[in-house]
Amino acid sequence: SVELDIKKYPLNMYTVPELSQIGQTEDDLIKSNVDYKISEFPLSANGKALAEGNNEGFIRILSEKKYGEVLGVQIVAANATDLIAEASAFMQLESTIYDVAKEAKVSIKTVSRVMNEEHKVKPNTKKIVLEAMKVLDYSPSFAARTMVTQKTGLIGLITSAITSASKIPELAGLPSIDLVKGIQSVIEASGKTLMIADTGGVIKHAEKLSQTFREHRVEGMIYVSDFSQSIIAPSSFSYIPSVLVNCLDSTKKIPAVVPDDEIGGFKMAEALIRKGHRHIGFLSLPTERLGGGDRQNGFRRAHNKFGI
């Protein structure tokens, strides 16, 4: 015989408005001692509902507090019995913590404690739960977490470092690929995910790439330039927290992290002058580049300081 889990099937009430529910109720979660979160979304925020003139009602989502796994959905709306089918399909795409608890023969709270890495769980119990998760190929739902928290944990990075890494590097300072590596290590330590898009060496491509990142709901964007220069920042940078690296926004509206080339030129010349050198040659970048002009200015300032 096959055991029927009624929690996996919608419960519909054909009233006006209609009421539909699937999964666990708030009472179920309280009895199971599960840490949960409630998220409510009015239908007035839904474009399709507004277009159809059925914008009265709401969608209520019950989710596991830390990982955002959807545990139950309630809908009150004119077409709730149709909308619940979407929630049903979504919830049955993958195993839930209830399936893990059943497989491991432990309580829902125990599974939640293992997922939250609490120290109250005995090592052997933790091992059983982790084995059950492996058997069911269970992992916290990224899509569910995003839907509930409205945060993707994604950071978009635009660069030409991948393209330029295969070319002969110019003597222009720290290669952009090293800047990308540094950014990646910081993003990884923060627990977020870095998405990298390469411009192919064409700075105009950054506009389209930034729009793509925006469509993927990134939480922030970074643009890394090959060399210190003034650029027109992609328009999407005005709508999402963004920062420029190794370049400046021509409008000065986007925050930027740039090297202090002027002080670099100064320190270089100062070190040689203090060693007694007076006839110093300087091979610099073209002055049309910001770094080239700044380094020369620093070089000259050092000479002026020592009266040379």
Could you check if a side-chain atom of [X] sits within less than 4.5 angstrom of a side-chain atom of [Y], using non-hydrogen atoms only?
X	Y	value
I203	Y223	yes
I38	L62	yes
K122	I128	no
S63	L71	no
F306	R278	no
E18	N12	no
K253	F237	no
E56	P17	no

Value rounded to 0.5 Å, distance of OG1 in T81 from CE in M13:
12.0 Å
d(I273 CD1, I280 CD1) to nearest 0.5 Å is 4.5 Å
If every non-hydrogen atom of [X] is compared with every non-hydrogen atom of [Y], which pair is closest and at what distance?
X	Y	result
A132	E103	CB-CG, 3.6 Å
Q24	Q74	O-NE2, 3.6 Å
P42	E40	CD-O, 4.1 Å
S225	C247	CB-CB, 3.6 Å
S242	I254	O-CG2, 3.9 Å

Using the rule side chain to side chain contact (heavy atoms under 4.5 Å, CB included), only one of [options] pairs with [X]; which is it?
X	options	answer
V100	T110, L130, L136	L136
I231	L244, L248, D249	L244
K181	I183, I177, L179	I177

Please evaluate residues L83 and S20 with respect to the criterion side chain to side chain contact (heavy atoms under 4.5 Å, CB included), reporting the C-alpha separation (whole Å), side-chain torsions for both, the decisive distance (0.1 Å), and the verdict.
CA-CA 8 Å; L83 292 173; S20 293; over 6 Å; no
Does E215 have any side-chain hydrogen bond (donor to acceptor under 3.5 Å, both in side chains) partners at least two apart in sequence or in another chain, and if so, which?
none
Listed partners of T193 passing side-chain hydrogen bond (donor to acceptor under 3.5 Å, both in side chains), at least two apart
none
Single-linkage hydrophobic cluster [X]~[Y], side-chain heavy atoms < 4.5 angstrom:
X	Y	value
V186	M195	no
L157	V243	yes
I240	I158	yes
V257	L194	yes

Would R295 and M268 satisfy side chain to side chain contact (heavy atoms under 4.5 Å, CB included), going step by step from the backbone distance to the final call?
CA-CA 9 Å; R295 292 177 192 180; M268 173 188 65; over 6 Å; no
Taking atom [atom1] of [X] as the centre, does the number of heavy atoms from other residues, nucleotides or ligands within less than 6.0 Å exceed 12?
X	atom1	answer
I232	CD1	no
Q211	CD	yes
K109	NZ	yes
E188	CD	no

Between S228 and D261, is the side chain to side chain contact (heavy atoms under 4.5 Å, CB included) condition met? List the steps.
CA-CA 9 Å; S228 183; D261 285 296; 4.1 Å; yes
Residue pair K192, V218: steps toward the side chain to side chain contact (heavy atoms under 4.5 Å, CB included) verdict
CA-CA 10 Å; K192 296 188 181 296; V218 296; over 6 Å; no
Got a donor-acceptor contact below 3.5 angstrom from the S236 side chain to the P234 backbone?
no
